[in-house]
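In what follows, a single structure is set out as structure tokens and then discussed.
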Amino acid sequence: MSKKGKVAGMVIGGLALGAIAAATAAATANDLKQEKKAYREMHKHQDLVEQKKQYIEHGKILYYNPIVEQKIALLGFHRNYLSVYTKNKTMELKKDKIGATEFWESVPITKGIEDQSDYRCKVALKPYGSELYLCCHKNGSLALQPHCKSYEQWIVEKEENTGMFSFKSAHNTYLCAESNGKPIGNRKQKKDWEKWRIIVVQDKAKEEQEKKAAMAAKIKQQQQQIAQNQQQIQQQQPGMPVNDGSYY
């Protein structure tokens, strides 16, 4: 084979390898895109499953509202909930079901709204039943602190088309669900891992207390109405005793 033929063969071979590499890269990119899409769908599905459980148990579904104090669970992109252990002040993302360690309390922050200096929706996130607050340090590391200052306040951002929420720290970084099961607060951009599905956890014992309180209030109102009616009758007919049922 001539020298020109060898060069031509090498060029053609190089072009072929380049085409194969490009096709492989395109296929890989497409696979990653499809994989992310599948993860998003599974993430959404798990949220819907939990919402269905809430409906079956309580007969209703409550949606997250950051301007109202609520008991919540935070579902990360990898379909695990944000767990917290107050004894050793640690957090992780390893459980795919909601239990006591996955309960958080979302507390609205109104400072700044009152004097119209800051209209951003802010919350503090507390392990449920504790007086600790989720804190984001400057380096993005997370901790639990016994006070609620600027580092313990999070700006809530809602993605309207998906119903998902993101939490931005005082350092303009986002709360992130890492794939290794560790939460972090150092992400400057809001992508899939920085978006959370929020499940409002309904409290059956609290619901029973509210029902009892409502029933007691209704009975009291009825008794007051009966007493008022009897008083009106006495005023209209002062000479006649009101029949209290002791005689006919």
Side-chain angles (χ1 to χ4, degrees), residues 43-110 121-136 141-149 151-158 163-169 174-178 180-185 193-213:
H43 191 209
K44 182 180 179 180
H45 174 72
Q46 187 160 344
D47 180 25
L48 292 173
V49 168
E50 187 57 43
Q51 299 287 12
K52 185 177 179 181
K53 287 181 185 176
Q54 295 280 326
Y55 183 79
I56 291 171
E57 187 172 352
H58 302 277
K60 61 183 177 180
I61 297 174
L62 298 179
Y63 295 98
Y64 181 50
N65 183 354
I67 65 172
V68 178
E69 190 170 320
Q70 289 179 314
K71 182 179 181 181
I72 63 171
L74 293 93
L75 179 63
F77 180 71
H78 307 287
R79 307 190 307 285
N80 289 321
Y81 291 94
L82 181 59
S83 305
V84 58
Y85 305 94
T86 54
K87 287 185 178 179
N88 56 9
K89 295 184 178 181
T90 59
M91 289 160 278
E92 65 178 12
L93 288 145
K94 294 184 178 179
K95 295 183 179 179
D96 60 359
K97 293 182 181 178
I98 299 175
T101 54
E102 288 68 58
F103 295 157
W104 291 81
E105 189 173 354
S106 176
V107 182
I109 304 293
T110 58
C121 185
K122 294 181 181 180
V123 298
L125 297 173
K126 300 170 57 179
Y128 189 74
S130 78
E131 290 304 319
L132 298 172
Y133 297 85
L134 180 62
C135 167
C136 182
S141 62
L142 301 175
L144 296 174
Q145 299 290 1
H147 52 250
C148 185
K149 299 180 181 179
Y151 285 15
E152 291 75 44
Q153 296 180 17
W154 299 84
I155 299 168
V156 183
E157 297 179 353
K158 183 179 180 181
M164 297 172 70
F165 292 85
S166 297
F167 297 89
K168 185 190 283 187
S169 74
Y174 289 95
L175 180 63
C176 170
E178 287 273 19
N180 62 2
K182 297 291 182 183
I184 194 73
W193 294 10
E194 292 74 46
K195 298 174 185 177
W196 300 79
R197 292 193 178 274
I198 309 298
I199 290 88
V200 177
V201 181
Q202 300 180 60
D203 195 326
K204 205 165 188 178
K206 188 177 180 181
E207 286 177 1
E208 291 298 326
Q209 289 177 355
E210 289 175 350
K211 284 181 181 178
K212 287 179 181 179

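Predicted model, so just to flag it, every value in this text is computed and none were measured.
For the atom pair SG (Cys148) and CG (Leu132), the distance works out to 11.5 Å, reported to the nearest 0.5 Å. Lys89 NZ to Met91 CE: the interatomic distance, rounded to the nearest 0.5 Å, is 10.5 Å. Rounding to the nearest 0.5 Å gives a distance of 9.0 Å between CG of Leu93 and CG of Leu75. Atom CH2 in Trp104 sits 9.0 Å away from atom CD1 in Ile72 (nearest 0.5 Å). Taking CG of Leu82 as the reference point, atom CG of Leu134 lies at 7.0 Å (rounded to 0.5 Å). The distance from atom SG of Cys135 to atom OH of Tyr151, rounded to the nearest 0.5 Å, is 8.0 Å.
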Test ring-ring contact (aromatic ring centres under 6.0 Å, His included) on Tyr174 and Phe167 and set out the steps. CA-CA 6 Å; Tyr174 289 95; Phe167 297 89; 9.7 Å; no
Can you check side-chain hydrogen bond (donor to acceptor under 3.5 Å, both in side chains) on Glu92 and Tyr85, steps first, answer last? CA-CA 9 Å; Glu92 65 178 12; Tyr85 305 94; 2.8 Å; yes
Could you go through the side-chain contact (heavy atoms from CB on, under 4.5 Å) check for Glu194 and Leu175 one step at a time? CA-CA 6 Å; Glu194 292 74 46; Leu175 180 63; over 6 Å; no
side-chain contact (heavy atoms from CB on, under 4.5 Å), that's the test. Do Arg79 and Asp96 meet it? Break it down for me. CA-CA 6 Å; Arg79 307 190 307 285; Asp96 60 359; 5.9 Å; no
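Each of Lys122, Lys168, Lys195 was evaluated against Glu157; a single residue qualifies, Lys168, per the salt bridge (charged side-chain N to carboxylate O under 4.0 Å, His left out) test. For the ring pair (Phe, Tyr, Trp, His ring centres under 6.0 Å) criterion with Phe165, the lone passing option out of Trp196, Tyr64, Trp154 is Tyr64. The one candidate from Gln70, Lys71, Glu69 that meets the side chain to side chain contact (heavy atoms under 4.5 Å, CB included) condition with Glu105 is Glu69.
Remark: Ile67 CD1 is loosely packed, at most 12 non-hydrogen atoms of other residues, nucleotides or ligands lying under 6.0 Å away.
For Asn180, the side-chain hydrogen bond (donor to acceptor under 3.5 Å, both in side chains) test picks out no residue, with sequence neighbours left out. Listed by chain and residue number, Arg187 satisfy the side-chain hydrogen bond (donor to acceptor under 3.5 Å, both in side chains) test with Glu178 (two or more places apart in sequence, or in another chain).
Using a cutoff of 4.0 Å between basic side-chain nitrogens and carboxylate oxygens, Lys126 and Glu131 are scored as salt-bridged.
By the 4.5 Å heavy-atom criterion applied to side chains, Ser166 and Val156 are not counted as neighbours. With a 4.5 Å cut-off on side-chain heavy atoms, Leu144 and Pro127 count as touching. Counting heavy atoms from C-beta outward, Glu152 and His147 have side chains that approach closer than 4.5 Å.
Side-chain atoms of Ser83 and Glu102 include a donor-acceptor pair closer than 3.5 Å. In this structure, a donor-acceptor pair under 3.5 Å is present between the side chains of Lys95 and Thr101.
In plain terms, the two heavy atoms of Cys136 and Gly185 that are nearest each other are SG-O, 3.4 Å. In this structure, Ile98 and Ile199 approach most closely via the heavy-atom pair CD1-CG2, 4.1 Å. Nearest heavy atom pair, residue Val123 against residue Ser106, reads CG1-OG, 3.6 Å.
The backbone N or O of Lys60 sits less than 3.5 Å from a side-chain atom of Gln202, completing a donor-acceptor pair.
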